[in-house]
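Written out below as structure tokens is the structure these notes cover.
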Amino acid sequence: RQAMLRPLFGHVLPGIDLLASTAPDRQGPAGSLGFARASLADAAAIVVTPVDTPPARAETVAALLAHLDAHTHLLAVRPRHDRRGGHPVVLRQAALDAYALAEPPPLREHLRALGNACADIDVDDAAVLADLDTPGEAMRWLRGPPRFLG
């Protein structure tokens, strides 16, 4: 959202664009994907990571991108650890077409609807399963209280 842009500017590396979604709140993360879709038109692949998860290891993201690149029939690739799906998800541009709809679908439902055009690949990275929805989960993951941007 617009109010968060200014505090984040000092923490963004050059070459990274910050966007403030204007999608209706009721659309949740799907609205954010729909809003960002136009800015991603030139991207060969899009890495989607929820804001409440820690980042996956660089080699995990590289494996997802390599798998998508090697399998041209795929529109999406998800990591799987210990037989459970996780984050981030890597998408081709065409996978974002559903986010041009007035009411875009939640990503989980959209990936399910892609059927065989979405692949799960096994990774040795437990971070892909982390979901930090509560202060307790964040403190366990961080091994202490979180630091907030000033």
Side-chain angles (χ1 to χ4, degrees), residues 1-69 74-82 84-114 118 120-121 123-150:
R1 294 293 179 204
Q2 186 70 32
M4 287 306 303
L5 286 183
R6 185 169 301 283
L8 292 174
F9 280 140
H11 302 277
V12 177
L13 297 173
I16 294 178
D17 295 330
L18 288 179
L19 303 174
S21 176
T22 57
D25 287 342
R26 73 178 182 284
Q27 292 181 351
S32 294
L33 285 173
F35 177 82
R37 182 177 171 270
S39 297
L40 301 170
D42 294 336
I46 296 103
V47 179
V48 178
T49 301
V51 298
D52 62 348
T53 63
R57 293 191 318 237
E59 51 272 19
T60 298
V61 176
L64 296 170
L65 289 165
H67 194 84
L68 187 70
D69 190 46
L74 293 177
L75 294 177
V77 179
R78 295 180 290 209
R80 184 173 52 206
H81 179 76
D82 198 25
R84 293 177 45 215
H87 306 57
V89 175
V90 177
L91 307 169
R92 287 193 200 281
Q93 184 60 238
L96 290 178
D97 289 349
Y99 294 91
L101 300 171
E103 293 297 325
L107 184 58
R108 181 185 316 251
E109 290 176 19
H110 179 53
L111 295 175
R112 203 171 303 132
L114 290 176
C118 179
D120 294 317
I121 65 165
V123 297
D124 184 27
D125 183 357
V128 302
L129 301 179
D131 198 0
L132 310 180
D133 289 331
T134 67
E137 290 168 342
M139 288 175 59
R140 277 191 295 283
W141 182 263
L142 296 169
R143 296 188 181 120
R147 294 182 339 214
F148 295 95
L149 301 177

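Source: prediction; values computed, not measured. For the single chain, residues carry numbers from 1 onward in sequence order.
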Side-chain contact, heavy-atom cut-off 4.5 Å: [X] with [Y]?
X: Pro55; Y: Thr49; answer: no
X: Leu64; Y: Pro88; answer: yes
X: Leu107; Y: Tyr99; answer: yes

Provide the closest heavy-atom pair for [X] versus [Y] in the form atom of the first, atom of the second, distance.
X: Ser21; Y: Gly31; value: OG-O, 4.1 Å
X: Ala98; Y: Pro105; value: O-CD, 3.6 Å
X: Ala130; Y: Thr53; value: O-CG2, 3.2 Å
X: Leu74; Y: His67; value: CD1-CD2, 3.7 Å

Legend entry - Residue list, ring-ring contact (aromatic ring centres under 6.0 Å, His included) with His81, at least two apart or on another chain: none
Legend entry - Passing candidate, side chain to side chain contact (heavy atoms under 4.5 Å, CB included) with Leu91, options Leu68, Leu75, Val48: Val48
[atom1] of [X] to [atom2] of [Y]: how many Å apart, nearest 0.5 Å?
X: Leu96; Y: His110; atom1: CG; atom2: NE2; result: 7.0 Å
X: Arg140; Y: Thr134; atom1: CZ; atom2: OG1; result: 6.0 Å
X: Ile121; Y: Arg78; atom1: CD1; atom2: CZ; result: 11.5 Å
X: Thr60; Y: Leu65; atom1: OG1; atom2: CG; result: 11.0 Å
X: Leu18; Y: Arg6; atom1: CG; atom2: CZ; result: 12.0 Å
X: Leu111; Y: Arg108; atom1: CG; atom2: CZ; result: 9.0 Å

Main-chain N/O of [Y] paired with [X] side-chain donor or acceptor, under 3.5 Å:
X: Arg57; Y: Asp124; answer: yes
X: Asp82; Y: Arg84; answer: no
X: Gln27; Y: Ala102; answer: yes
X: His87; Y: Asp131; answer: no

